[in-house]
Every structure is written in C-alpha cells, then in structure tokens.
Peer 1: 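Here you go, one structure.
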Number of protein chains: 2
Amino acid sequence: MDTKAQILAIARELFARQGYRGTSIADIARELGVTPAALYYHYISKADVLDAILAEPLAAYADLAERARSGRLTAAELLGAFIDFTVETRQLMPVVSSDPAVRARLDERLPHSPAEMADAIISALAASSTEPKRLIVARAAYAAAKDGTAAALDFGSGTLSPEHRKLVLATALRALG
Amino acid sequence: MDTKAQILAIARELFARQGYRGTSIADIARELGVTPAALYYHYISKADVLDAILAEPLAAYADLAERARSGRLTAAELLGAFIDFTVETRQLMPVVSSDPAVRARLDERLPHSPAEMADAIISALAASSTEPKRLIVARAAYAAAKDGTAAALDFGSGTLSPEHRKLVLATALRALG
DNA sequence: GTCTATATTGTGATAGAC
DNA sequence: GTCTATCACAATATAGAC
C-alpha cells in the first residue's frame, strides 16, 4: 500500500473513533510512524485528507440520491440500496457527518449537501408526497433501515448476512406502511 | 435569569449548533457580553458547563432506562415515553452525544453510559429476548421513534402535535412488529 | 463579578536541510 | 520523502487588581 493510501486508512479509523476535530495531524503521523511535517508532503492540509476520505462515499450517496430522484425505484429497491450503502460506509458516515465542522465544509464544497441528498431519498420513500405525515413516516423508515443495519453489523462482526439484510429491509418497509 | 442560568442557555444553544469541541469559552463569553475569565467565576471549567447542561436530560434518560429494566411497561408505553423524552432534549442530545470527547467524559463519570441506557431500552423493546433478530428489530424501532419525532418537530416548528405523536408511535410499533 | 494580563498547551502549517 | 526547527494562533485556565 502506498503512503497516501496508508494515511487515508489511518485517518479513516481515527476520525471514526475520535471524530475529525478530535484527531490531530500528529495523531495520524504517530500512527504512521513519521513526523507531522511528513504528512504535508502527501496532503496539503488536514481538510484535504478529509476530502480524500469522503470523496468516494459521498459520490456513492449522491448517486443513490439521484436514482431516488429519478423515481424509477420501488421503496424496497431504494431501502435495499440504502442498506447496502450503509454497510459500505459504516465506520465513517455516522461520526464524521455529525461533526458540525465537517458538515459546514461539505455544505460549501458540494453541489448538494448530505442533508439535501437524504431529503431526496426520504422524499422518494414518501412517493414524492409533500404531506408532512408521509415525510415523517418516510424519515422514520429511513432511520429504521440505517440503525437496523448498524445493529445487524454489530451482531455480525461487521458483515451483514443475507438473512439480516432481509430482516432489516422488512422492518423498514413495515415502518413505511 | 441569573448569570449561571444565562451561561447554560447560551452554551446549550452553541453546543447544539457547533458541537462541544467547536464551541470555545470565548464564544460563550462573547454571546454573554463578558470576557472569558468572567465565566470561570461561575463554572470552574468548560467541562463543568457541559456537566451542568447534561445533568437533567441524563437523569431523565437514566430514569427511562430504569423503568424499561423493570419490565413493567408495554412497548407502546416505552416508545411513547421515549418520544416525549426526545422532544424535551431535541436540540442537545443528538449533537452532543455524538461528540467522542463528550462520550468519553460521560462514560467515565456516569454509573451507566448513554449507550448502556439505550441498550436497556432496546432490550425491553425486544421483550428481553437476547436473540439478535429481535434486538436488531428493536433498535430499528427505537431509531424510527427518534428520527420520526425529529421529523415531526421540524414540521411542527419545534412542537409535537398529539396527531403527529400518534403517527410516530404507530410507525415505531409497526416497525417493531 | 468582572476586568487585564498572562501562563501554558495544543494544533495546523511552513521553511529549508538531508 | 522525511527530517528538525519554528511560526502563528487559538484555546483552557489562572493570578491578582478593581
């Protein structure tokens, strides 16, 4: 593994465990076995490391939101895709996207903020209804899928069995009504 | 309002908006119209301010977990109480409890960590079953109640109407199966 | 109760040698 | 590519005057 990728792997883990603000360049450098200055050869700033880590998950999320907007997916397909996305990004998204500093950065750098993308998915789950009641239920179902997946990953040592995937999907669909 | 309470009100809002780490003593002091040093007359440290803010919500949460452990509540009663708790602590709990620095402090200061209390409630929702499938569904229902309530509060300008409360409760119960 | 002044530490980041 | 040395700054916190 080249150094840039190593840095990302370490930063990913530390950001997930301690948060973005709670992790210093020195923390990452220590884990890698170099001095902080060495990191600046590979990435021009701490925020640049964050960007590199989030680029792929955010692109996948944007893609999911785009498919949701198209209206060509059933609720089951949409929730299933969201469950799979949650599995792939489990360590990172919850911790990092809850850091206000990170959110502010993403809001000014992305065409659509993560919150807007979530809205697109939730709106599609509500069958594009603008009625508050449908949107409340859709957001509850979205949360059920996310946290149900997280719970299943906890019990499955980090992997989601097909059986548990079915269970979580059925639970979220039940919530959706 | 006395100064101590004013400080808490300001800190509560800033912590909710910018996170604990993202808010400095200087930020709070500026909002109050004094110098940072003045705050140290009222609270011995920034963590002390945090403790004062969280004491009441955490006690309420611990009480809810205790009632869950007693096994004397139905799933509907438990979820209803959790929805009401979520309404009362809406600004604070999500942001603050997702800051790793805050979590670490709470873990070492409380008899039961917030995560343990959540487990107690989720276990009760699973009817004290230790089967992973039941616990996964229970956690999904718990999340549906939480985020459904948050969505309803968004649409209701910060208040939860009886109608929306019924809706969220029904949605979470449906997820629970 | 609040101020000024300051100690102290941590952090992101740069310059320049090797 | 990595180092040493260092800067600039922000943050928590304290001392002591008013």
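FYI, side chains are in, hydrogens and waters are out, and symmetry mates aren't considered; it's all heavy atoms of this structure. Reminder, nothing fancy here: chain letters follow the sequence lines and each chain counts from 1.
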Peer 1: After noting the C-alpha distance and the side-chain angles of A:D99 and B:R21, does the key distance pass the side-chain contact (heavy atoms from CB on, under 4.5 Å) rule?
Peer 2: CA-CA 9 Å; A:D99 183 319; B:R21 295 194 83 119; over 6 Å; no
Peer 1: In a table with atom names and distances, give each donor-acceptor pair under 3.5 Å that connects a side chain of residues 71-84 of chain B to protein atoms at least two apart or in another chain.
Peer 2:
residue, atom, partner, partner atom, Å
B:T74, OG1, B:E77, N, 3.1
B:T74, OG1, B:E77, OE1, 3.4
B:E77, OE1, B:T74, N, 2.9
B:D84, OD1, B:R165, NE, 2.9
B:D84, OD2, B:R165, NH2, 3.0

Peer 1: Taking atom CD of B:E116 as the centre, does the number of heavy atoms from other residues, nucleotides or ligands within less than 6.0 Å exceed 12?
Peer 2: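 Yes, because the 6.0 Å sphere around CD of B:E116 holds more than 12 heavy atoms from other groups.
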Peer 1: If you look only at distance, which donor and acceptor atoms sit under 3.5 Å apart when one is on a side chain in residues 29-42 of chain B and the other is two or more places apart or in another chain?
Peer 2:
residue, atom, partner, partner atom, Å
B:R30, NH1, B:D27, OD1, 3.3
B:R30, NH2, B:D27, OD1, 3.4

Peer 1: Please list, chain by chain and in numerical order, all residues satisfying side chain to side chain contact (heavy atoms under 4.5 Å, CB included) with A:E131, sequence neighbours excluded.
Peer 2: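 Residues passing side chain to side chain contact (heavy atoms under 4.5 Å, CB included) with A:E131: A:S129, A:K133, A:R134.
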Peer 1: Going by number, which of residues 27-54 of chain B have a non-hydrogen atom under 4.0 Å from DNA chain C?
Peer 2: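 Output list: B:V34, B:T35, B:A37, B:A38, B:Y41, B:H42.
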Peer 1: Less than 3.5 Å apart, which donor and acceptor atoms pair up between the side chains of residues 3-20 of chain A and the rest of the protein, not counting sequence neighbours?
Peer 2:
residue, atom, partner, partner atom, Å
A:Q6, NE2, A:M1, O, 3.3
A:E13, OE2, A:R17, NH1, 2.5
A:Q18, OE1, A:T23, OG1, 3.3
A:Y20, OH, A:A47, N, 3.3

Peer 1: Which two nucleotides bound the region of DNA chain C that has atoms under 4.0 Å from heavy atoms of chain B, read 5' to 3'?
Peer 2: C:dG1 to C:dT4
Peer 1: I'd like to know if the side chain of A:R90 reaches the main chain of A:G158, judged simply by a donor and an acceptor atom lying under 3.5 Å from each other, with no hydrogens or angles considered.
Peer 2: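 Answer holds: yes.
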